[in-house]
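See structure below.
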Amino acid sequence: MIKAGMEGVAYSLRMLYEAVKDNNVEVKEIRAGGGGTNSDLWMDIFSSVLGLPIKVSNVEEPELLGSALLGFYSLGIYKDLDEATKKMVKIKNVYVPQDEKIRQYDKGFQFFKLMTKDLKNLFEVHSKL
């Protein structure tokens with residue numbers, strides 16, 4: 001059941017990713033941080049559901065590193081955000097999507113989209129009870 005929950009979260013993120021692609025934004029990789037990145041299983045699921053590499057930084061709180069990065073840039077310590085990122089952000093692990101799992105999760109994602117579409121109608125019925 002826990003794995004199904006992880007897959008559901010990954011499918012929800014893929015719905016957002018599909019919307020980004022529909023707006024002609026190219027995404028080449030995903031950077032992830034926080035407690036969920038401690039689960040190799042979850043990162044593998046995300047990578048295969050999205051069909052993209054997931055890069056995990058070596059810091060526990062990447063949002064704080066991002067704030068520091070912006071601060072150092074604004075103080076002129078780095079000439080641009082690209083330089084600051086290259087100097088400050090270190091990748092601990094990379095999760096690469098696997099072709100077989102991409103195909104498997106794509107089938108699951110298609111079902112997830114159908115299910116969530118039907119849920120909208122069911123929630124409307126439920127709200128009138």
Please name the residue in the list T37, I54, V89 that meets the side-chain contact (heavy atoms from CB on, under 4.5 Å) test with R31.
V89

If we only count heavy atoms from C-beta on, is the N58 to N93 side-chain gap below 4.5 Å?
no

Taking atom CD of E60 as the centre, report whether more than 12 heavy atoms of other residues, nucleotides or ligands fall under 6.0 Å from it.
no

Nearest heavy-atom approach of A10 to I45 is CB-CG2, 3.8 Å

Minimum heavy-atom distance between I30 and V27, given as atom pair plus value:
CD1-CG1, 4.0 Å

Aromatic plane relationship, F109 with Y11 - under 30° parallel, 30 to 60° tilted, over 60° perpendicular
tilted

Passes side-chain contact (heavy atoms from CB on, under 4.5 Å), V59 versus L64? Steps please.
CA-CA 9 Å; V59 296; L64 297 176; over 6 Å; no

Whether over 12 other heavy atoms sit under 6.0 Å from K90 NZ:
yes

Test of understanding: clusters of I, L, V, M, F, W, Y form through side-chain heavy atoms closer than 4.5 Å, transitively. Do Y105 and V20 belong to the same one?
yes

Which heavy-atom pair separates L52 from E29 by the least distance, and what is that distance?
CD2-N, 4.5 Å

Would you compute the distance between atom CG of N121 and atom NE2 of H126 and round it to the nearest 0.5 angstrom?
14.5 Å

More than 12 heavy atoms of other residues, nucleotides or ligands under 6.0 Å from CZ of F72: is that the case?
no

Is there a path of hydrophobic side-chain contacts, each under 4.5 Å between heavy atoms of I, L, V, M, F, W or Y residues, that connects M115 with L16?
yes

Is the closest basic N to carboxylate O distance between E124 and K128 below 4.0 Å?
no

Is the shortest side-chain N to carboxylate O distance from D106 to K101 below 4.0 Å?
no

Reported CG-to-CD distance for the pair L13 and E18, which is rounded to 0.5 angstrom:
10.5 Å

Rounded distance [0.5 Å steps], OG in S12 versus CD in E7
12.0 Å

Using a strict cut-off of less than 4.0 Å between a Lys/Arg side-chain nitrogen and an Asp/Glu carboxylate oxygen, indicate whether E83 and K86 qualify as a salt bridge.
no

Under 4.5 Å between side-chain heavy atoms, counting indirect links through other Ile/Leu/Val/Met/Phe/Trp/Tyr residues: same cluster for L75 and L65 or not?
yes

Do V49 and V96 sit in the same hydrophobic cluster, where Ile, Leu, Val, Met, Phe, Trp and Tyr count as joined when their side-chain heavy atoms come under 4.5 Å apart?
no

Which residues pass the side-chain contact (heavy atoms from CB on, under 4.5 Å) test with S39, sequence neighbours left out?
M6, L41, W42

Side-chain donor-acceptor contact under 3.5 Å, Y78 with D80:
no

Do L69 and T85 come within less than 4.5 Å of each other through their side chains, counting heavy atoms only?
yes

Looking at F112 and G8, what are the two nearest heavy atoms and their distance?
CZ-O, 3.8 Å

Looking only at non-hydrogen atoms, find the nearest pair between S57 and P62 and report the distance.
OG-CB, 4.0 Å

Within the distance-only criterion (no hydrogens, no angle test), does the side chain of S47 pair as donor or acceptor with the backbone N or O of M43 below 3.5 angstrom?
no

Are L50 and F111 in one and the same hydrophobic cluster, where Ile, Leu, Val, Met, Phe, Trp and Tyr link if side-chain heavy atoms are under 4.5 Å apart?
yes

